[in-house]
There are 2 protein chains.
Amino acid sequence: MQNFINHLKKYITLNEDELQILSSYVKTVSLKKKDFLLKEGQVCKANYFTEKGLLRMYFINDKGVEQITQFALENWWISDYMSFTMQSPAHFYIQAVENSEVIVIEHHKQEELIKQLPQLEKYFRIIIQRAYAASQMRFKYFYDYSKEENYRQFVSLFPEFVQRIPQYMLASYLGLTPEYLSELRKKG
Amino acid sequence: MQNFINHLKKYITLNEDELQILSSYVKTVSLKKKDFLLKEGQVCKANYFTEKGLLRMYFINDKGVEQITQFALENWWISDYMSFTMQSPAHFYIQAVENSEVIVIEHHKQEELIKQLPQLEKYFRIIIQRAYAASQMRFKYFYDYSKEENYRQFVSLFPEFVQRIPQYMLASYLGLTPEYLSELRKKG
DNA sequence: TTCATTTCTTAAACTAGTTTAAGTTTTTTC
DNA sequence: GAAAAAACTTAAACTAGTTTAAGAAATGAA
């Protein structure tokens with residue numbers, strides 16, 4: 001969990017004692033590619049930090065097709081926040097795209113941890129506020145640009161990420177079909 | 001700002017002294033229909049709570065067309081959070097759809113206020129977490145359903161809201177053209 | 001009340017993107 | 001290494017939704 005500690009230290013100060021406390025509230029989970037952290041219908045009891053690897057969040061539509069709405073790279077948090085917040089059944093799956101390591105903080109432990117280390121309260125607020133800010137921008141792109149334009153921008157901004165995932169996952173995330181993605185790639 | 005106080009008391013406890021402190025950090029602004037809280041290019045220096053009325057957040061695309069991405073009803077917060085968080089130029093406009101009253105908390109004052117009233121730290125985290133949770137669900141609907149289906153669901157879930165705004169704003173928010181909305185309404 | 005502006009409706013022509021139905025290539029499994 | 005499975009490509013037929021171009025109705029301003 002070295003990544004996690006380094007990441008936290010960019011936001012808050014933590015001495016050795018505090019690190020010990022933190023460590024007692026979180027656990028590290030190793031996932032094989034395709035292992036699940038969450039399945040639809042389960043209650044999402046935890047918040048997940050991607051220590052290493054890559055996760056995806058998706059739902060299955062009524063035609064049985066998987067639709068990816070989110071990825072989580074190293075140093076990103078991921079959760080079904082509606083389920084996490086309301087402790088209601090999840091609408092999404094969270095699955096490892098590749099072998100991964102994840103830091104898990106369970107809902108009730110997060111609240112206790114914050115009581116022990118109050119500086120984490122601000123940390124979690126800033127992190128989720130940034131995620132929300134990013135989602136506001138993401139909505140703007142959805143409204144503003146065509147799917148082709150969004151594809152081209154995405155490839156140009158995140159070439160390494162695009163190499164890292166199968167094309168059909170990229171298509172799913174961008175809301176287009178694999179066939180259309182092939183066509184766009186052919187167009188150059 | 002009675003709404004604001006009542007709303008806060010659902011989440012945190014505030015005695016009379018604390019209410020006084022809070023009041024000294026926020027201000028109430030009355031807006032006429034079409035008045036702006038924020039324009040693109042300005043830095044969004046505040047977080048806004050809708051005490052009364054209705055706000056909309058939109059951007060102008062390269063064809064000069066307004067695209068609404070969000071509304072804020074009574075008791076809702078609204079801000080361009082990327083601009084608010086990073087103190088960078090805003091991509092959005094925030095404007096009153098009707099005559100409104102807004103509670104304004106400036107960025108630096110919010111941080112000071114939280115120091116004075118630490119229970120607000122958790123309040124803001126929970127609020128933004130809920131907003132993010134809702135945005136995850138909203139992405140799901142974008143991916144999952146056609147624009148027509150989303151329109152029909154929206155009308156059925158929020159009939160009063162739909163009465164409250166002009167049809168072209170509803171169309172804009174749902175990402176469809178006013179012409180197509182007219183067609184859908186005709187279809188019944 | 002009149003006039004100007006905004007909003008809503010109508011419909012045909014158009015298009016971004018999907019669906020259908022394979023075939024080909026790459027990766028995984030045993 | 002062979003076979004199966006998954007991923008990718010191809011292209012024609014199709015469609016959800018847009019664009020274009022008005023006209024009609026409602027609202028706002030003077």
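A note on names: the letters A, B, ... follow the listed sequences, proteins ahead of strands, and every chain is numbered from 1.
- For Phe49(B) and Trp76(B), the gap between ring centers reaches or exceeds 6.0 Å.
- The six-membered or imidazole ring of Tyr180(A) lies away from that of Tyr151(A), with a centre-to-centre distance of 6.0 Å or more.
- If you check the side chains of Glu149(A) and Ser146(A), you find a donor sitting under 3.5 Å from an acceptor.
- Counting only N and O atoms by type, the side chains of Asn61(A) and Tyr143(B) include no donor and acceptor under 3.5 Å apart.
- Less than 4.0 Å separates DNA chain D from at least one heavy atom of each of the following residues of residues 145-177 of chain B: Ser146(B), Lys147(B), Glu148(B), Gly175(B), Leu176(B), Thr177(B).
- Taking the six-membered ring where the residue is Trp, the centroids of Trp77(B) and Tyr132(A) are separated by 6.0 Å or more.
- To the nearest angstrom, C1' of dA7(D) lies 12 Å from CG of Leu181(A).
- Glu66(A) places its CD atom 13 Å from the C1' atom of dA7(D), with the value rounded to the nearest Å.
- For the pair Leu184(A) CG and dA16(C) P, the interatomic distance rounds to 11 Å; values are reported in whole Å.
- In terms of phosphate contacts, Arg185(A) brings a side-chain nitrogen or oxygen within less than 4.0 Å of OP1 or OP2 of dT9(D).
- For the ring-ring contact (aromatic ring centres under 6.0 Å, His included) test, no residue two or more places apart in sequence or in another chain qualifies with Tyr25(A).
- For Tyr58(B) and Phe92(B), the ring centers sit 6.0 Å or farther from each other.
- Lys186(A) places its NZ atom 16 Å from the P atom of dG17(C), with the value rounded to the nearest Å.
- Of the N and O atoms on the side chains of Gln153(A) and Ser156(A), not one donor lies less than 3.5 Å from an acceptor on the other residue.
- Looking at residues two or more places apart in sequence or on another chain, you find no ring-ring contact (aromatic ring centres under 6.0 Å, His included) involving Tyr145(B).
- Taking the ring centroids of Tyr93(B) and Phe59(B), they lie at or beyond the 6.0 Å cut-off.
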- line: Expected string for nucleotides 20-30 of chain C under the B/S/- scheme (protein heavy atoms, under 4.0 Å, primed atoms plus P, OP1, OP2 as sugar-phosphate) is BB------S--

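- When the C1' atoms of four end pairs are superposed on the next four at each end of the helix from dT1(C)-dA30(D) to dC30(C)-dG1(D), using five pairs per end, the two resulting axes differ in direction by 70°, to 10°.
- Among residues at least two apart or in separate chains, side-chain hydrogen bond (donor to acceptor under 3.5 Å, both in side chains) pairs with a member in residues 83-92 of chain A are Thr85(A)-Gln129(B).
- Atom pair Tyr180(A):OH and dA7(D):C1' shows a separation of 20 Å (rounding to whole Å applied).
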